[in-house]
Amino acid sequence: MAPAAVRVCCACVRWFPVVFITAVVVWSYYAYVVALCVYTVPSIAEKVLYLLIYHPILVLFLWAYAKTIFTDVGSVPRSFYLTVQEINRLERERGEEAQKNILLELAKDKPILNRTHAGSARYCEKCKCIKPDRAHHCSVCGQCVLKMDHHCPWVNNCVGFTNYKYFVLFLGYGLLYCLFIAFTSLKYFIEFWTGASSKEAVKFHVLFVFFVAMMFGISLISLFGYHIYLTCSNRSTLESFRSPIFQTGADKNGFSLGKLNNFKEVFGERKLFWFLPIFSSFGDGIAYPTRTVDIPSDGLLGDRQRWMEEGDADGDYNSHFNKAVSYR
């Protein structure tokens with residue numbers, strides 16, 4: 001099979017999880033709205049109340065899901081890519097120390113704090129670029145992703161700087177969607193399960209929608225809770241397993257600015273936007289405030305402010321963020 005055909009087949013297969021989730025949501029809409037609310041719930045007031053609450057949750061859930069899927073993960077600025085001459089110069093050197101010195105020289109004018117274990121600037125051999133802080137190469141997407149968290153097959157996209165807020169909201173509203181369906185259908189689930197109801201035409205849908213909602217809800221509780229923890233700790237999934245390395249050494253809390261500021265870095269200052277799938281994160285995905293002390297001799301980085309001072313962990317994020325290096 002030709003390589004182009006293989007790539008097309010792989011691209012189609014990657015959409016299967018998204019199609020599956022979409023199909024489950026479409027079926028759950030019929031099961032809840034038609035089978036439960038229209039044909040099973042006897043009270044008009046109860047029907048109206050359920051539907052008035054259900055639909056806003058569904059809209060927010062699908063909105064966040066779509067934004068997570070279709071938001072571009074962002075790209076590394078062209079200035080981080082090596083020229084042909086710089087690539088040739090780097091590849092001609094065989095010694096690790098010589099390559100390290102070349103990369104540090106090329107990175108000295110860029111707002112980079114993260115290092116490799118050897119102390120070199122992080123370099124992507126596939127993209128031929130110096131990696132910005134918190135960026136990683138995704139083998140599925142075939143590119144370096146800004147503040148990469150992980151590649152999620154359920155959204156067929158990388159989760160990173162541009163869509164991490166949407167992903168957390170997707171998990172949160174997905175959990176709320178499942179719990180709402182489970183709690184409001186519990187009474188009728190028990191009636192069907194014990195044989196107290198004779199509405200056989202909708203019995204299967206009501207029973208199954210309760211089981212599905214509980215199954216997904218239990219899964220989402222731990223996943224949503226874990227990502228709230230990561231948000232408040234200012235870590236990505238990758239950083240939780242492998243601490244970022246700074247010039248002063250590995251530090252799992254190197255980007256942590258206090259729980260409130262960590263939350264605001266992802267969700268923004270305006271509380272109105274916290275619960276909406278609208279981009280409100282701080283920064284450009286390239287440079288990040290840090291509590292790690294910079295080494296003064298490191299060019300541009302020597303001017304970077306350490307603002308995570310004692311007793312200032314939960315101060316005003318916006319005023320502090322302006323002190324960090326901003327690079328586009």
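- Under the 3.5 Å distance criterion, with hydrogens and angles disregarded, a donor-acceptor pair is assigned to the side chains of Thr237 and Asp149.
- Thr116 approaches Ala121 most closely through the heavy-atom pair CG2-O, 4.1 Å.
- Once rounded to the nearest 0.5 Å, the distance linking SG of Cys127 with CD of Gln143 reads 7.0 Å.
- Without hydrogens or angle criteria, Glu86 side chain to Thr83 main chain gives a donor-acceptor distance under 3.5 Å.
- Salt bridge Glu91/Lys128: present, at least one basic N to carboxylate O contact under 4.0 Å.
- One N or O on the side chain of Asn163 and one on the backbone of Gly160 form a donor-acceptor pair closer than 3.5 Å.
- The side chain to side chain donor-acceptor pair (under 3.5 Å) search around Trp27 returns His205, not counting sequence neighbours.
- Here the straight-line distance linking atom CD1 of Ile181 with atom CZ of Phe189 works out to 14.5 Å at 0.5 Å rounding.
- Put simply, CD1 on Ile21 and CG on Leu62 are 11.0 Å apart, with the number rounded to the nearest 0.5 Å.
- Arg134 has a carboxylate O that lies under 4.0 Å from a charged side-chain N of Glu239, or vice versa, which qualifies the two as a salt bridge.
- Between the side chain of Lys67 and the main chain of Ile278, no donor-acceptor pair closer than 3.5 Å is present.
- Taking both residues in full, the closest heavy atoms of Arg14 and Val140 are given as NE-CG1, 3.7 Å, listed atom of the first, atom of the second, then distance.
- No side-chain heavy atom of Lys165 sits under 4.5 Å from any side-chain heavy atom of Phe279.
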Can you check side-chain contact (heavy atoms from CB on, under 4.5 Å) on Tyr32 and Tyr50, steps first, answer last? CA-CA 10 Å; Tyr32 189 81; Tyr50 286 175; 3.5 Å; yes
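- There is no side-chain donor-acceptor pair under 3.5 Å between Asn262 and Ser233.
- The shortest non-hydrogen separation linking Trp154 to Tyr65 is O-OH, 2.7 Å.
- Between Leu104 and Lys108 the shortest side-chain heavy-atom distance does not fall below 4.5 Å.
- Rounded to the nearest 0.5 angstrom, His137 NE2 and Cys158 SG are separated by 9.5 Å.
- Ion pair Arg89/Glu105 flagged as a salt bridge, since at least one NZ, NE, NH1 or NH2 atom sits closer than 4.0 Å to an Asp/Glu carboxylate oxygen.
- Remark: the backbone N or O of Ile112 is not paired with any side-chain donor or acceptor of Arg122 at under 3.5 angstrom.
- No continuous path of ILVMFWY side-chain contacts below 4.5 Å connects Val19 to Phe216, so the two sit in separate hydrophobic clusters.
- In this structure, Tyr229 places its OH atom where only 12 or fewer heavy-atom neighbours from other residues, nucleotides or ligands lie under 6.0 Å away.
- In the model, Tyr29 has a side-chain atom that pairs as donor or acceptor with a side-chain atom of His55 under 3.5 Å.
- Considering only residues two or more places apart in sequence or on other chains, Tyr30 meets the side chain to side chain donor-acceptor pair (under 3.5 Å) condition with none of them.
- Judged by distance alone, with hydrogens and angles left aside, the side-chain atoms of Lys100 form a donor-acceptor pair with the main-chain N or O of Ala118 at under 3.5 Å.
- Defined by atom type and a distance below 3.5 Å, a donor-acceptor pair is missing between the side-chain atoms of Tyr54 and Thr184.
- Here Glu46 contributes atom CD and Leu36 contributes atom CG; the two are 8.0 Å apart, rounded to the nearest 0.5 Å.
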Could you walk me through whether Phe183 and Met214 satisfy the side-chain contact (heavy atoms from CB on, under 4.5 Å) test, starting with their C-alpha distance in whole Å, then the side-chain angles of each, then the deciding distance to 0.1 Å, before giving a yes or no? CA-CA 9 Å; Phe183 285 132; Met214 286 298 296; over 6 Å; no
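- Two residues are said to be in side-chain contact when any heavy atoms from C-beta on lie closer than 4.5 Å; Phe80 and Ile286 meet this criterion.
- Although no hydrogens or angles enter the test, the distance criterion places no donor-acceptor pair under 3.5 Å between the side chain of Ser243 and the main chain of Asp251.
- Contact detail for Val25 and Ser28: the closest heavy-atom pair is O-OG, 2.7 Å.
- The closest side-chain donor-acceptor pair between Thr68 and Tyr164, if any, does not fall under 3.5 angstrom.
- Counting all heavy atoms, side chain and backbone alike, Cys129 lies closest to Tyr123 at O-CD1, 3.3 Å.
- Between Arg235 and Glu265 there is no salt bridge, since none of the side-chain N atoms of the basic residue sits less than 4.0 Å from a carboxylate O of the acidic one.
- Judged by distance alone, with hydrogens and angles left aside, the side-chain atoms of Ser280 form a donor-acceptor pair with the main-chain N or O of Phe267 at under 3.5 Å.
- In the hydrophobic clustering of this structure, Val34 groups with Ile53; members are Ile, Leu, Val, Met, Phe, Trp, Tyr whose side-chain heavy atoms approach within less than 4.5 Å, directly or through other members.
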Starting from the C-alpha separation in whole Å, work towards a yes-or-no answer on side-chain contact (heavy atoms from CB on, under 4.5 Å) for Phe275 and Leu60. CA-CA 9 Å; Phe275 304 102; Leu60 289 168; over 6 Å; no
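- Side-chain contact between Val73 and Leu146: absent, with no pair of heavy atoms (C-beta onward) separated by less than 4.5 Å.
- Each of Val266 and Val145 belongs to its own hydrophobic cluster when Ile, Leu, Val, Met, Phe, Trp and Tyr are linked at side-chain heavy-atom distances under 4.5 angstrom.
- In the hydrophobic cluster analysis, where Ile, Leu, Val, Met, Phe, Trp and Tyr join through side-chain heavy atoms closer than 4.5 angstrom, Val59 is grouped apart from Trp274.
- Proximity of the aromatic rings of Phe210 and Tyr188 is defined here by a centroid distance below 6.0 angstrom, and this criterion is not met.
- Side-chain atoms of Met148 and Cys138, non-hydrogen and from C-beta on, do get closer than 4.5 Å to each other.
- Nearest heavy atom pair, residue Pro244 against residue Asn114, reads CB-ND2, 4.0 Å.
- For the pair Asn157 (side chain) and Thr71 (backbone), a donor-acceptor distance under 3.5 Å is present.
- Here His227 and Phe170 keep their ring centres 6.0 angstrom or further from each other.
- Listed for the Asn234 side chain is a donor-acceptor partner under 3.5 Å among the backbone atoms of Phe255.
- To the nearest 0.5 Å, the span separating CD on Glu191 from OG1 on Thr40 amounts to 9.0 Å.
- A heavy-atom distance below 4.5 Å is found between the side chains of Ile69 and Val18.
- Phe241 and Phe167 fall within a single hydrophobic cluster, where Ile, Leu, Val, Met, Phe, Trp and Tyr are joined by side-chain heavy atoms under 4.5 Å apart, directly or via other members.
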Could you walk me through whether Leu238 and His136 pass the side-chain contact (heavy atoms from CB on, under 4.5 Å) check? CA-CA 9 Å; Leu238 292 176; His136 296 274; 3.6 Å; yes
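- Residue Phe180 places its CZ atom among more than 12 non-hydrogen atoms of other residues, nucleotides or ligands, all under 6.0 Å distant.
- Ring geometry, Phe211 versus Trp193: the interplanar angle exceeds 60°, so the pair is classed perpendicular (tilted spans 30 to 60°).
- For Lys147 and Ser236, the side-chain atoms include no donor-acceptor pair closer than 3.5 Å.
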